[in-house]
Amino acid sequence: MSYTLTTPLYYVNDRAHLGSTYTTLACDAIARHRRLCGDQVHFITGCDEHGQKIQRTAEAAGLTPQAHCDFISAAYRDLWSRWQISNDRLIRTTDPRHRQLVEQFFARVEASGDVVEGRQQGWYCVACEEFKDDAPGAEDPECSIHQRPLEWRDEVNLFFRLSRYQAQIEELIARPGFVQPASRRREVENFVAQGLRDFSISRIDLPWGIPVPGHPGHTFYVWFDALLGYLTALLEPDEPVVLEQILQRGWPAQLHVIGKDILRFHAVYWPAMLLSAGLPLPERVFGHGFLTREGQKMGKSLGNVLDPVVLLERCGRDAVRWYLLRDIPFGDDGDFQQQRFSDLVNNDLANTIGNLLNRTSSMARRWFAGGVPPAGAGADPAHPLALAAQEAADRGAAALEALDFRTAAEAVLSLAIAANGFLNERAPWSRMKQEGQSEVVAADLYAVLEATRWVGVLLAPLLPELSDRMLQQLGQESFESGTEASSSPATASPEAASTAMAATAWQAAQQWGRLQPGLELPEPSPVMGRLELDSPL
RNA sequence: GGCUCGGUAGCUCAGCUGGUUAGAGCGUGGGAUUCAUAACCCCAAGGUCGGGAGUUCAAGUCUCCCCCGAGCCA
């Protein structure tokens with residue numbers, strides 16, 4: 001199965017912040033999960049690089065817009081690579097190929113009769129790149145969002161006839177799974193219910209944009225151009241730009257993950273544009289919440305922005321991923337709290353999970369010839385830990401499907417807690433001192449090792465690196481959940497490829513009793529260090 | 001100004017169509033244990049459920065008003 005998901009195309013007005021990192025990490029977890037399940041994943045991210053705001057930012061920095069965009073988008077590319085994001089594509093809207101695609105798309109929209117000329121007169125916010133419908137009649141109106149002066153514009157623009165799609169959009173957003181989380185649906189419904197108005201899709205006298213074919217002086221409005229980046233990204237980098245080809249390359253997308261502030265563009269404008277162009281619609285749009293820091297909005301004026309690069313260097317990928325995914329309900333706003341961050345990482349990852357592996361492996365090695373003990377009753381599929389493992393797997397998979405990372409993380413964690421509890425209850429260390437208990441201890445330790453292996457397996461989409469380290473210490477191969485699809489037809493065996501039911505390595509690993517008795521185990525060393533943050537991040 | 005969502009233990013949150021002593025994890029305090037990364041396991045304290053009024057035999061859960069936060073639209 002093909003699975004296409006996207007992050008927003010980030011606006012290159014400034015460098016990446018924690019918010020975009022958060023979005024991207026979440027998408028990465030989904031992408032990895034789908035790959036582990038055998039889907040052919042198209043995980044798209046990118047940069048939105050046009051518009052007057054960019055032009056002015058570049059000017060202010062003494063750069064050409066292109067140089068500015070090159071610089072910022074390179075920083076994004078570098079950031080995602082540092083975070084080991086498994087995106088398949090990183091599209092830039094200044095890519096010449098994108099321009100070709102936009103032109104083809106526009107031709108279709110125009111052919112549908114959805115492009116009309118209209119006069120746009122009013123106050124304009126450059127930061128929003130939007131006209132403000134109802135600016136106060138005052139002398140110097142300001143944008144309520146940016147607190148910046150509005151500029152008076154009076155121009156002839158091209159309009160997209162959004163109003164023609166009223167009924168279809170209403171039908172779309174009424175679909176149960178389309179706008180997510182469901183709590184955001186009404187907001188969109190009300191907006192649509194007010195009556196959709198045509199919106200302008202071009203600007204005049206704005207050189208930093210894609211020229212509108214057949215309309216000299218006009219460039220495309222940034223949003224019109226940016227949304228289309230999702231399509232351009234799907235095309236193979238070396239194939240000719242032919243819009244129709246996206247249908248062979250993974251369109252429609254299964255999922256657009258976005259911040260809650262741009263829901264309207266994705267749930268209303270975007271589908272209408274696609275309808276006009278005669279293209280299928282994405283399956284769901286998920287608007288996640290925003291992050292604050294220690295209860296305050298992050299912003300340059302407050303000087304409290306958390307730099308993702310700093311965060312990464314000081315704390316590591318696993319720690320940050322875990323905290324963001326495990327503690328903040330995706331969809332709700334969340335607060336980044338340093339104390340809580342280190343508490344959770346140390347508790348869950350270092351103590352509960354890391355120490356579980358460490359103590360178990362250490363006992364097994366000491367008492368059973370340096371490796372995995374004979375399984376005995378420990379391999380029984382009805383073993384309490386086997387049941388716990390299966391439950392964790394089921395709960396985790398369902399949660400990931402629902403983009404409920406928190407529950408997915410808790411499911412894995414609960415398995416580790418169950419295993420720790422089991423150990424304390426069975427106390428192999430004291431049983432080992434008694435005569436004739438060796439077999440029981442062997443079975444107990446086997447079961448706990450096996451449960452620990454499952455923890456490593458189930459962690460793969462969420463924390464690929466910790467998962468790898470755990471599996472290594474258990475003498476297991478790690479999974480390829482990164483950019484190389486583990487189930488790509490080229491590498492899979494012919495039988496596997498022909499059998500639709502063939503399980504991936506990851507799915508096969510979720511079978512109780514897979515751990516080989518007698519397998520030698522490497523000397524355990526902590527898979528997750530404790531986070532000691534003595535100063536503010 | 002209008003719309004939407006949220007305001008439940010110190011912190012992050014569960015609490016479905018209203019119904020026994022409001023739950024979990026973290027944090028805090030205590031206990032147990034020694035295999036292990038001062039880790040693991042067990043127990044406990046902690047909340048007039050943002051405020052006010054109302055509906056009801058019964059409200060965190062429904063209605064209205066107000067306050068606070070976030071987003072959208074003006």
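Any value given below was found using the heavy atoms of this structure, including those in side chains, with hydrogens, waters and symmetry copies removed.
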Write down the distance separating the C1' atoms in B/rG18 and B/rU56, rounded off to the nearest Å. 9 Å
Value for CE (A/Met528) from CG (A/Asp348), rounded to nearest 0.5 Å, stands at 10.0 Å
I'd like to know if A/Arg15 pairs up with A/Asp307 as an ion pair, taking the criterion as any Lys NZ or Arg NE/NH1/NH2 lying under 4.0 Å from an Asp or Glu carboxylate oxygen. no
Just checking A/Glu410: base, sugar-phosphate only, or nothing, at a heavy-atom cut-off of under 4.0 Å? nothing
Tell me: CZ of A/Phe368 to C1' of B/rC35, nearest whole Å? 12 Å
Roughly, in whole Å, what's the span from CD in A/Gln339 to P in B/rG27? 9 Å
Send over the distance from A/Ile258 CD1 to B/rG71 C1', rounded to a whole Å. 12 Å
For residues A/Tyr446 and A/His383, is any side-chain donor paired with an opposing acceptor at under 3.5 Å? no
Rounded off to whole Å, could you give me the CZ-to-P distance for the A/Arg326 and B/rC26 pair? 8 Å
Distance, P atom - from B/rG51 to B/rA9, rounded to whole angstrom: 10 Å
Considering only B/rG71, B/rC40, B/rG25, which nucleotide approaches the side chain of A/Asp261 most closely? B/rG71
If you find the nucleotide of RNA chain B closest to A/Thr292 and the one closest to A/Gly334, which residue's nucleotide is nearer the 5' end? A/Gly334
Check: A/Phe405 ring centre within less than 6.0 Å of A/His288 ring centre: no
What is the nucleic acid contact for A/Arg366, judged by heavy atoms within less than 4.0 Å: base, sugar-phosphate only, or nothing? sugar-phosphate
Distance, C1' atom - from B/rG31 to B/rG50, rounded to whole angstrom: 38 Å
With a 4.0 Å limit, can you tell me whether A/Asn351 has a side-chain N or O closer than that to the phosphate oxygens OP1/OP2 of B/rC40? yes
Measuring only the P atom in each nucleotide, how far is B/rC64 from B/rG25? A whole number of Å is fine. 36 Å
Among B/rC35, B/rA70, B/rC5, which nucleotide has an atom closest to any side-chain atom of A/Arg186? B/rC5
How long is the straight-line distance from OH of A/Tyr76 back to CD1 of A/Ile72, given to the nearest 0.5 Å? 8.0 Å
Taking all atoms of both residues into account, what is the closest heavy-atom pair of A/Gly177 and A/Arg284, and its distance? O-CB, 3.3 Å
Please state the P separation for the pair B/rA74 and B/rC65 - nearest whole angstrom. 24 Å
How does RNA chain B look in dot-bracket form if you count Watson-Crick and G-U pairs under 3.5 Å, write [ ] for pairs that cross, and put | where a base pairs with another strand? (((((((..((((.....[...)))).((((.........)))).....(((((..]....)))))))))))).
Just by distance, no angles: are the side chains of A/Gln390 and A/Asp394 close enough, under 3.5 Å, to form a donor-acceptor pair? yes
Base, sugar-phosphate, or nothing for A/Met432, non-hydrogen atoms under 4.0 angstrom? nothing
Spacing between A/Asn347 atom CG and B/rC11 atom P, to the nearest angstrom: 18 Å
A/Tyr269 ring center near A/Tyr165 ring center (under 6.0 Å): no
Looking at the angle O4'-C1'-N9-C4 for a purine or O4'-C1'-N1-C2 for a pyrimidine, is B/rG31 syn or anti, with syn meaning within 90° of 0? anti
In this structure, how many angstroms lie between the C1' atom of B/rA38 and the CG atom of A/Leu531, rounded? 17 Å
Side-chain donor/acceptor pairs under 3.5 Å, residues 460-467 of chain A, sequence neighbours excluded:
{"unit_1": "A/Glu465", "atom_1": "OE1", "unit_2": "A/Arg317", "atom_2": "NE", "d": "3.3"}
{"unit_1": "A/Glu465", "atom_1": "OE1", "unit_2": "A/Arg317", "atom_2": "NH2", "d": "3.1"}
{"unit_1": "A/Glu465", "atom_1": "OE2", "unit_2": "A/Arg317", "atom_2": "NE", "d": "2.4"}
{"unit_1": "A/Ser467", "atom_1": "OG", "unit_2": "A/Gly456", "atom_2": "O", "d": "2.8"}

Regarding A/Val188, tell me which of base, sugar-phosphate or nothing describes its non-hydrogen contacts under 4.0 Å with the strands shown. nothing
Classify the nucleic acid contact of A/Pro181 as base, sugar-phosphate or nothing, counting any heavy atom under 4.0 Å across all strands shown. nothing
So, A/Asn157 and A/Tyr221: side-chain donor and acceptor under 3.5 Å apart, yes or no? no
Quantified in whole Å, what is the P atom distance between nucleotide B/rG1 and nucleotide B/rC57? 38 Å
When you get a sec, tell me which of B/rU37, B/rG71, B/rC13 is the closest nucleotide to the side chain of A/Phe290? B/rG71
Looking at A/Pro282, A/Pro8, A/Cys27, which hits side-chain contact (heavy atoms from CB on, under 4.5 Å) with A/His256? A/Pro282
Nearest to the side chain of A/Arg406, heavy atoms from C-beta on, is which of B/rC13, B/rC35, B/rA36? B/rC13
Ranking B/rU33, B/rC26, B/rC11 by distance to the side chain of A/Gln337, first place goes to B/rC11
From the list B/rU37, B/rC72, B/rA14, which nucleotide is the closest neighbour of the side chain of A/Glu187? B/rC72
Can you tell me how far C1' of B/rG2 sits from CZ of A/Phe191, to the nearest Å? 14 Å
I'd like a table of atom pairs between the protein and nucleotides 41-47 of chain B - only N or O on both sides, under 3.5 Å - with the distance next to each one.
{"unit_1": "B/rC41", "atom_1": "O4'", "unit_2": "A/Asn424", "atom_2": "ND2", "d": "2.8"}

Looking at A/Lys260, does any N or O in its side chain come under 4.0 Å of the phosphate oxygens OP1/OP2 on B/rG6? no
Check whether any side-chain N or O of A/Arg184 sits under 4.0 Å from OP1 or OP2 of B/rC72, and answer yes or no. no
Is any side-chain nitrogen or oxygen of A/Arg197 closer than 4.0 Å to OP1 or OP2 of B/rA74? yes
Identify the two heavy atoms, one from A/Phe479 and one from A/Leu471, that lie closest to each other, and give their separation to 0.1 Å. CE1-CD1, 3.5 Å
Choosing from B/rC35, B/rG27, B/rA14, which nucleotide comes nearest the side chain of A/Asp332? B/rA14
Touch check for A/Pro526, heavy atoms < 4.0 angstrom, all strands: base, sugar-phosphate only, or nothing? base
Is A/Asn355 touching bases, backbone alone, or none of the nucleic acid, heavy atoms closer than 4.0 Å? base
Per nearest nucleotide of RNA chain B, the residue lying toward the 5' end, A/Asn190 or A/Val527, is A/Asn190
Rounded distance (Å) that lies between atom P of B/rC35 and atom CZ of A/Arg426: 18 Å
